[in-house]
2 protein chains.
Amino acid sequence: MEMDQSCPGKVEPILEILDSKWMILLLFELFNGNRRFGELRRRLHPISPKTLTDRLRLLEEKGLVTRTLYPGVPLHVEYDLTAAGKGLQPIFAAMWTWTQEYGAYLRKDSDKAEEEGEKVM
Amino acid sequence: MEMDQSCPGKVEPILEILDSKWMILLLFELFNGNRRFGELRRRLHPISPKTLTDRLRLLEEKGLVTRTLYPGVPLHVEYDLTAAGKGLQPIFAAMWTWTQEYGAYLRKDSDKAEEEGEKVM
DNA sequence: CGGCATCCCACTAGATACTG
DNA sequence: CAGTATCTAGTGGGATGCCG
């Protein structure tokens, strides 16, 4: 892979999907086979129903999940990842790997007190 | 890699970094060896100086870049990726791969007109 | 159960002008 | 050159209540 100038633009479309609150956690849940609205809502607690709907709609629009309605009372709806949706997995795997390798060194806000001095050459 | 329940929480720290406007494009620029403030600003045009500063400060706080000041007039500052920063590359590589494989199928907003009917079982 | 409609607020980031 | 200061606008997301 080349990290040349053309790269950023090409990757931007995926950012529209990932760059919103809850989205990545939501995708994790879908990967884990949690496909119903209420189930997702519980696992992502305290997400609001509006936000969850918004996210699922975006994934639907982008062709990453399908929405299947099983009529009846009570209502039953399932969200399934498409091939493109499942194809996101390596990205998450890479995030997971990074976290294991470097996550421990991540400074937290609570560490801010001990400001690092800037380097001066 | 297991996509079990514990996964999402562990990956969240990295989201604090990536989930803000410009951040991913900024990291691309840093990967490409563009390390000076003005240079980054031009390449990320029309980013505002305030926003660029905010992003660089966050990366600094999290230990992903170092800031080096070369005194003199005119001022000269360089931002360099740390090992942890460079370690993010596989994540971007995975995004790049996904884009090549599935990006073409991504629906754009302009396609919304041709609404897909929902599946009903 | 699985939503949608409405209202509202907090926060983000852009614009602009100025400085060491 | 590399920022800071200030102000404002826009939006994302939460709360709440109703509906098929």
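Just so you know, these numbers use all the heavy atoms, side chains as well, and skip hydrogens, waters and symmetry mates. Throughout, protein chains are lettered first and strands after them, A, B, ... in sequence-line order, and every chain is numbered starting at 1.
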Which part of the nucleic acid does B:Tyr79 contact within heavy-atom distance under 4.0 Å: base, sugar-phosphate only, or nothing?
-> sugar-phosphate
How many whole angstroms separate atom [atom1] of [X] from atom [atom2] of [N]?
X       : N     : atom1 : atom2 : result
A:Tyr70 : C:dG3 : OH    : C1'   : 18 Å
B:Leu52 : D:dT4 : CG    : P     : 10 Å
B:Leu69 : D:dA2 : CG    : C1'   : 10 Å
A:Phe37 : C:dC1 : CZ    : C1'   : 10 Å
A:Glu60 : C:dG2 : CD    : P     : 15 Å
B:Leu75 : D:dA2 : CG    : C1'   : 6 Å
B:Glu78 : D:dC1 : CD    : P     : 14 Å
B:Asn34 : D:dA2 : CG    : P     : 12 Å

Heavy-atom distance under 4.5 Å between the side chains of B:Val77 and B:Arg67, does that happen here?
-> yes
Can you find a pair of side-chain heavy atoms, one from B:Leu40 and one from B:Leu26, that are under 4.5 Å apart?
-> yes
Could you tell me whether B:Arg57 and B:Glu60 have a side-chain N and a carboxylate O separated by less than 4.0 Å?
-> yes
Taking 4.0 angstrom as the limit, do B:Arg43 and B:Glu29 come out as a salt bridge?
-> yes
Report the residue from B:Asp80, B:Leu25, B:Leu81 that forms a side chain to side chain contact (heavy atoms under 4.5 Å, CB included) with B:Leu30.
-> B:Leu81
Side chain of A:Arg57 (C-beta onward), nearest among D:dC1, D:dA2, C:dC4 = C:dC4
Which residue lies more 5' along DNA chain D, comparing B:Arg42 with B:Thr53 via nearest heavy atoms | B:Arg42
Respond yes when some side-chain nitrogen or oxygen of B:Arg36 is under 4.0 Å from OP1 or OP2 of D:dA2, and no when none is.
-> yes
Phosphate-side-chain proximity, B:Arg67 and D:dG3, N/O vs OP1/OP2 below 4.0 Å | yes
Between A:Tyr70 and A:His76, what is the ring plane arrangement, given parallel below 30°, perpendicular above 60°, and tilted in between?
-> tilted
Quick one: sort the A:Phe31 and A:Phe28 rings into parallel, tilted or perpendicular, breaks at 30° and 60°.
-> perpendicular
Mind listing the N/O atom pairs, protein and nucleotides 6-15 of chain C, below 3.5 Å?
| from | atom 1 | to | atom 2 | distance (Å) |
| --- | --- | --- | --- | --- |
| C:dA13 | OP1 | B:Lys21 | N | 3.0 |
| C:dA13 | OP1 | B:Arg55 | NH2 | 3.1 |
| C:dA13 | OP2 | B:Arg55 | NH2 | 2.1 |
| C:dA13 | O5' | B:Arg55 | NH2 | 3.1 |
| C:dA13 | N7 | B:Lys50 | NZ | 3.1 |
| C:dG14 | OP1 | B:Lys21 | NZ | 2.8 |
| C:dG14 | OP1 | B:Trp22 | NE1 | 3.2 |
| C:dG14 | OP2 | B:Trp22 | NE1 | 3.0 |
| C:dG14 | OP2 | B:Thr51 | OG1 | 3.1 |

